[in-house]
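No experiment lies behind these values; they were computed from the predicted model shown. In what follows, every chain begins at residue 1, and chains take the letters A, B, ... in the order their sequences are listed. Values reported hereafter were calculated over all heavy atoms of this structure, with side chains retained and with hydrogens, waters and symmetry mates removed.
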Amino acid sequence: METKEKTKFKHLEKWESTLSACIRCGYCFEHCPMFKYTGWESDAPRAKIITAFGLLSGELEPTKMAADKIFNCFYCKRCEAACSSGVTLTEIFTDAKKDLVEMGLKGPGTTSVTDLNCARCLICVKACPHEARFHGEDGIETDPVKCQACGICVEVCPAGAAKIENNFGTGREDLIQASSRFLSTHTSAKAIVFACNWSYFPDLQASRLPESETHDKDYEIYVNMCAGRLESQLLMAPFLNKAWGVLVAACPEDDCQHKNGNTRAKKLIQGLQSTMERVNIDPARLQVVEIPAGDKTLFQAQIDTFIDRLNAMGPIR
Amino acid sequence: MIHQKGIPMKSVDESKLREIFGENNVKTDPSDLYAFGSDSSVHHAMPWAVVRPDNTEQVQKLMVYANEALIPVIPRGGGSGMCGQTVPIYGGIILDMKHMNRILEINLPDVYCRVEPGVVDDDLNLALKPHGMFYPPTPASSRIATIGGEIANNASGVRSVKYGATRDAVLGMKVVMPSGDLVTLGAHTRVEASGYQLHKLMVGSEGTLGIVVEATLNFVPIPEYRCMGIANFDHLSHAGAAIGAIMSSGATPSMLELVDSVAIKAVNKTMNLGLKEVAASLIFEADGMVKEAVDYEINKMKEICKKNHGSDITTSYDPKERAKIFMGRKKLFPALSKYDDSLSSTSLADDMAVPYSKMAEMAGKIHEVAKKNNIIMTAYGHCGSGCMHTKILMDTKRPDQWASAKKAITEIYEYVRSVNGTTSAEHGIGLSKAESFKVEKADSLKLLQTIKQALDPNNILNPGKLMQAPEDWVTATGLRYSVNN
Ligand SMILES: Cc1cc2nc3c(=O)[nH]c(=O)nc-3n(C[C@H](O)[C@H](O)[C@H](O)COP(=O)(O)OP(=O)(O)OC[C@H]3O[C@@H](n4cnc5c(N)ncnc54)[C@H](O)[C@@H]3O)c2cc1C
């Protein structure tokens with residue numbers, strides 16, 4: 001296509017040759033949580049690259065809808081791991097975001113926002129692993145370029161004022177609902193696994209299996225983006241729905257994409273385990289395991305061990 | 001009526017689409033349309049709308065509407081087609097089949113499965129694995145390619161040398177015709193001699209004859225043993241002789257791949273793999289249920305390689321060692337993309353097939369033509385099935401490089417046809433390869449158009465592809481690259 005009038009995308013400009021080098025194979029689809037949730041190819045990483053190219057070449061108007069494509073990203077970098085051309089997609093998205101913000105197009109997309117009931121306690125500012133939250137003119141604000149949508153601010157906010165409005169199925173309520181649906185529709189259901197997107201290497205992309213293949217499933221895996229985002233309510237909800245156990249998969253220590261998401265999760269789980277002990281529930285029913293990014297084999301082995309242990313314990317009486 | 005490029009209309013009734021598919025399953029914003037305007041090819045064109053069916057009835061309703069309103073409909077799976085098959089050259093509605101993605105039945109006693117077209121190949125294999133089975137036509141793009149797209153392109157892959165292409169695995173299907181009628185083609189049985197075998201006609205039809213809404217597919221047991229080997233050659237012709245000798249020896253490789261010197265250099269340059277920089281390497285594999293039988297096959301191939309001046313021959317059953325052997329081939333894609341910052345790896349003239357005895361000569365021809373036209377081309381491929389892959393590395397900003405690529409491609413296809421080869425082995429024709437396709441099939445073009453006319457009289461299903469595509473692929477649509485004025 002002929003290059004139209006050069007645009008104001010000065011940060012994006014340096015990626016011009018990379019945008020051409022991307023062979024648009026689409027290998028980045030498969031693990032993108034955005035795509036898994038909406039099922040629309042136009043929300044997937046390849047579409048973001050095409051959007052970035054369109055914006056840079058002037059073929060696509062920088063509208064709110066186009067900007068949202070770029071701002072809707074959890075930075076899980078699954079797309080980069082899968083890329084057949086070695087393209088660092090999220091770096092391109094970040095530069096596109098910089099340009100869009102300068103044009104007044106700030107998303108929010110998956111960027112966390114602050115509600116009016118914010119007490120300005122600054123806990124989120126301190127907790128944010130990406131230094132994206134700050135005390136600005138309008139109270140606590142988020143830098144939309146720096147925010148990586150890990151959700152840790154949402155977890156730590158005592159007032160419930162920090163929010164990710166477009167959470168694409170990774171929000172607390174969505175996960176509670178999805179897990180309770182699984183537990184109530186599968187008689188063999190025993191466990192819920194909450195996995196951060198780095199430890200979890202989802203198998204089936206989006207295809208749906210026949211009933212005959214899934215009716216005797218004893219666990220279901222839900223991606224919550226970062227383990228640091230888990231809260232007590234979410235972790236305990238499956239037990240109210242007769243789950244035998246809950247397993248959390250997080251990144252190994254010192255290898256967390258969001259700095260300390262894994263240690264946060266561990267601390268939370270330790271606290272919950274002691275509460276469980278107090279009410280005579282075996283704390284081993286709530287476990288956290290460390291899985292290096294994409295180690296599918298280890299992840300499966302840990303799930304199998306956990307299920308074996310639950311089988312030995314039986315249901316909670 | 002054949003849609004012409006430049007038809008100014010954008011006559012799609014959005015409310016009608018919303019009525020058929022529901023609010024959340026229709027996209028009309030330019031940002032969505034722009035993303036759906038390309039696939040893995042060099043082409044780009046804007047559709048007018050994208051719709052996402054969940055069931056066959058919706059597809060039927062759409063076709064009734066589109067057939068009456070004369071709106072092009074372009075079925076789309078994973079959008080991994082490399083020749084612009086899903087690029088809406090005359091605009092129209094993209095029919096995104098990815099949401100019809102249910103695996104409906106895995107029938108072990110009858111050795112078939114029924115799936116909707118949006119099921120991703122890898123997903124099907126994951127579902128079959130616990131039963132000890134696999135679906136073998138699997139292309140390299142299996143992590144994204146859908147069964148519908150694979151059927152429409154007759155996809156095949158590294159194991160097709162032993163297990164065949166998609167056409168060999170499809171037993172039957174349900175298809176929505178351009179009129180909106182639903183037909184059941186083929187059977188659920190291994191063999192069928194009842195009439196025209198229309199399901200096989202749908203295979204490779206690139207979404208121009210009907211929309212596959214369900215497919216019945218054959219599968220096979222996962223072999224207990226796999227052994228892979230590699231041999232290096234100092235002359236392309238020696239590797240070529242080895243290919244022919246292996247294929248005519250009675251050995252049954254489950255994989256036979258060639259990588260040329262350009263490919264090896266590219267991998268070394270960008271991935272630092274330290275592969276020996278020889279003229280060509282052959283990677284071969286045998287599989288089976290009995291180790292002695294696999295040994296027999298692999299030894300036979302080893303011997304043939306040796307006889308044809310192959311060196312550094314190693315083989316292994318160990319999965320880790322096998323992965324190491326295959327690494328050079330596997331890393332080829334990223335290697336070519338990273339070869340030089342100013343060059344892009346384009347999918348053009350990328351999958352011709354020639355008789356076995358011409359494989360090496362073909363690779364040599366590719367090098368010769370590339371050099372003459374001042375572009376970089378590499379030759380690699382599934383030589384066991386006669387398929388040669390190439391990638392053209394060029395500076396996509398420079399119009400003169402497009403002109404050189406065009407010239408080189410024409411020359412290469414002239415050679416392919418002169419040795420009784422064919423334009424496409426597995427990726428299909430779409431837009432990019434129509435020029436050679438039309439020459440190759442010159443005496444059957446009328447027949448092809450007659451079939452198209454009979455099944456799709458209003459020419460609404462993926463118009464402008466295959467025999468209808470413009471000869472000049474460079475100007476057929478916009479390009480997905482910025483080309484300097
Ligand atoms: C990196 C890479 C590697 C590849 N390797 C291989 C390989 O090894 N072997 C190989 O064969 N191909 C390969 N391909 C090409 C491509 O992936 C395959 O041809 C694949 O079958 C396309 O599937 P898709 O779902 O992406 O189809 P799309 O690209 O979406 O569509 C392809 C064609 O199918 C039609 N279509 C889609 N769904 C339907 C339906 N339900 N009914 C009717 N028509 C339909 C479309 O209209 C179009 O004409 C590769 C591509 C890439 C990018």
Side-chain angles (χ1 to χ4, degrees), chain A residues 1-4 6 16-31 35 38-44 46-51 53-70 82-87 203-210 212-214, chain B residues 27 29-41 44 50 52 76 78-80 82 96 98-99 101-106 115-116 118-120 122-124 126-127 130 141 143-145 270 333-334 336-338 341-347 391 396-397 478-485:
Chain A
M1 233 174 237
E2 276 181 25
T3 314
K4 294 199 187 135
K6 274 286 171 197
E16 193 180 5
S17 62
T18 312
L19 291 173
S20 293
C22 157
I23 60 162
R24 299 203 178 164
C25 61
Y27 284 12
C28 47
F29 271 22
E30 65 186 319
H31 301 302
F35 175 69
T38 72
W40 280 110
E41 210 193 299
S42 49
D43 292 323
R46 174 170 65 176
K48 288 183 167 59
I49 288 289
I50 295 174
T51 302
F53 174 82
L55 291 171
L56 185 63
S57 65
E59 286 172 17
L60 188 63
E61 286 283 316
T63 58
K64 160 124 181 58
M65 286 288 278
D68 276 354
K69 294 250 169 304
I70 307 279
C83 179
S84 78
S85 307
V87 175
D203 269 345
L204 284 182
Q205 176 180 275
S207 309
R208 291 173 271 180
L209 284 165
S212 57
E213 301 286 314
T214 55
Chain B
K27 296 268 190 201
D29 188 82
S31 63
D32 289 295
L33 300 182
Y34 188 76
F36 274 102
S38 56
D39 51 14
S40 304
S41 71
H44 185 270
V50 185
R52 184 169 69 168
R76 181 176 171 112
S80 69
M82 291 173 129
D96 179 355
K98 280 185 71 69
H99 204 56
N101 58 2
R102 299 171 192 89
I103 296 171
L104 300 167
E105 181 189 3
I106 295 176
V115 301
E116 289 186 329
V119 167
V120 173
D122 269 3
D123 289 353
L124 177 59
L126 272 166
S141 51
R143 66 181 74 182
I144 162 183
T270 57
F333 260 44
L336 293 171
S337 298
K338 287 181 174 173
D341 274 353
S342 65
L343 304 178
S344 299
S345 169
T346 57
S347 296
K391 283 269 178 263
T396 50
K397 275 166 111 176
L479 294 170
R480 55 146 283 205
Y481 303 95
S482 290
V483 185
N484 291 336
N485 287 324

### Query
Out of curiosity, S31(B) OG to D43(A) CG, how far, rounded to the nearest 0.5 Å?
9.0 Å
### Message
Run the side-chain hydrogen bond (donor to acceptor under 3.5 Å, both in side chains) test against S85(A) and tell me which residues pass, sequence neighbours left out.
### Response
S337(B)
### Task
Look at the side chain of R480(B) and the backbone N and O of S20(A), then say whether any donor-acceptor pair between them is shorter than 3.5 Å.
yes
### Task
Tell me, please, which residues at least two apart from K48(A) pass side chain to side chain contact (heavy atoms under 4.5 Å, CB included).
M34(A), C73(A), F93(A)
### Summary
Correct closest heavy-atom pair for F53(A) and Y481(B) would be CZ-C, 3.6 Å
### Task
Heavy-atom distances under 4.5 Å only: say whether K391(B) touches chain A with side chain, backbone, both or neither.
neither
### Query
Can you tell if the side chain of F29(A) reaches within under 4.5 Å of the side chain of K98(B), non-hydrogen atoms only?
yes
### Query
Between G79(B), P30(B), S41(B), which has the largest tally of heavy atom pairs under 4.5 Å with chain A?
G79(B)
### Query
Is chain B contacted by the side chain of T38(A), its backbone, both, or neither, given a heavy-atom distance below 4.5 Å?
backbone
#### Entry: Distance (rounded to the nearest 0.5 Å) between I23(A) CD1 and L336(B) CG
9.0 Å
### Residue, of G86(A), G54(A), S84(A), that accumulates the most heavy atom pairs under 4.5 Å with chain B
S84(A)
### Task
Measure the CD-CD1 distance between E213(A) and I103(B) for me, rounded to the nearest 0.5 Å.
8.0 Å
### Message
For S141(B), which atoms come within 4.5 Å of any heavy atom of chain A: side chain, backbone, both, or neither?
### Response
both
### Task
Examine whether an atom of D96(B) lies under 4.5 Å from a heavy atom of chain A, and if so say whether it belongs to the side chain, the backbone or both; otherwise answer neither.
side chain
### Among L343(B), I106(B), V115(B), residue most engaged with chain A (heavy-atom pairs, under 4.5 Å)
I106(B)
### Task
For residues D39(B) and R46(A), report the shortest heavy-atom separation together with the two atoms involved.
C-NH1, 4.1 Å
### Query
If you tally heavy-atom pairs under 4.5 Å against chain A, which of H99(B), K338(B), R102(B), R52(B) wins?
R52(B)
### Message
As an exercise, state the distance from NZ of K397(B) to CD of E16(A), rounded to the nearest 0.5 Å.
### Response
4.0 Å
### Task
Give a yes or no on whether the backbone of R24(A) and the side-chain of S40(B) come within a donor-acceptor separation of less than 3.5 Å.
yes
#### Entry: Residue part contacting chain B, namely of L19(A), when any heavy atom lies under 4.5 Å
backbone
### Summary
Greatest number of non-hydrogen atom pairs under 4.5 angstrom with chain B, of E41(A), K69(A), E61(A), falls to E41(A)
### Query
Relative to chain B, which segment of A82(A) carries a heavy atom at a distance below 4.5 Å: side chain, backbone, both, or neither?
both
#### Entry: Residue part contacting chain A, namely of V50(B), when any heavy atom lies under 4.5 Å
both
#### Entry: Exercise: identify the closest heavy-atom pair between S344(B) and A21(A)
OG-N, 4.0 Å
### Query
Any side-chain heavy atom of S42(A) within less than 4.5 Å of one from K27(B)?
yes
### Query
If you take all heavy atoms of C25(A) and I144(B), which pair is closest and at what distance?
O-CD1, 3.3 Å
### Query
Hey, does the side chain of S207(A) reach the backbone of V120(B) with a donor-acceptor pair shorter than 3.5 angstrom?
yes
### Message
Is the shortest side-chain heavy-atom distance between Y34(B) and T51(A) below 4.5 Å?
### Response
no
### Message
If we define contacts as heavy-atom pairs under 4.5 Å, which of S342(B), S80(B), G78(B), G37(B) has the most with chain A?
### Response
G78(B)
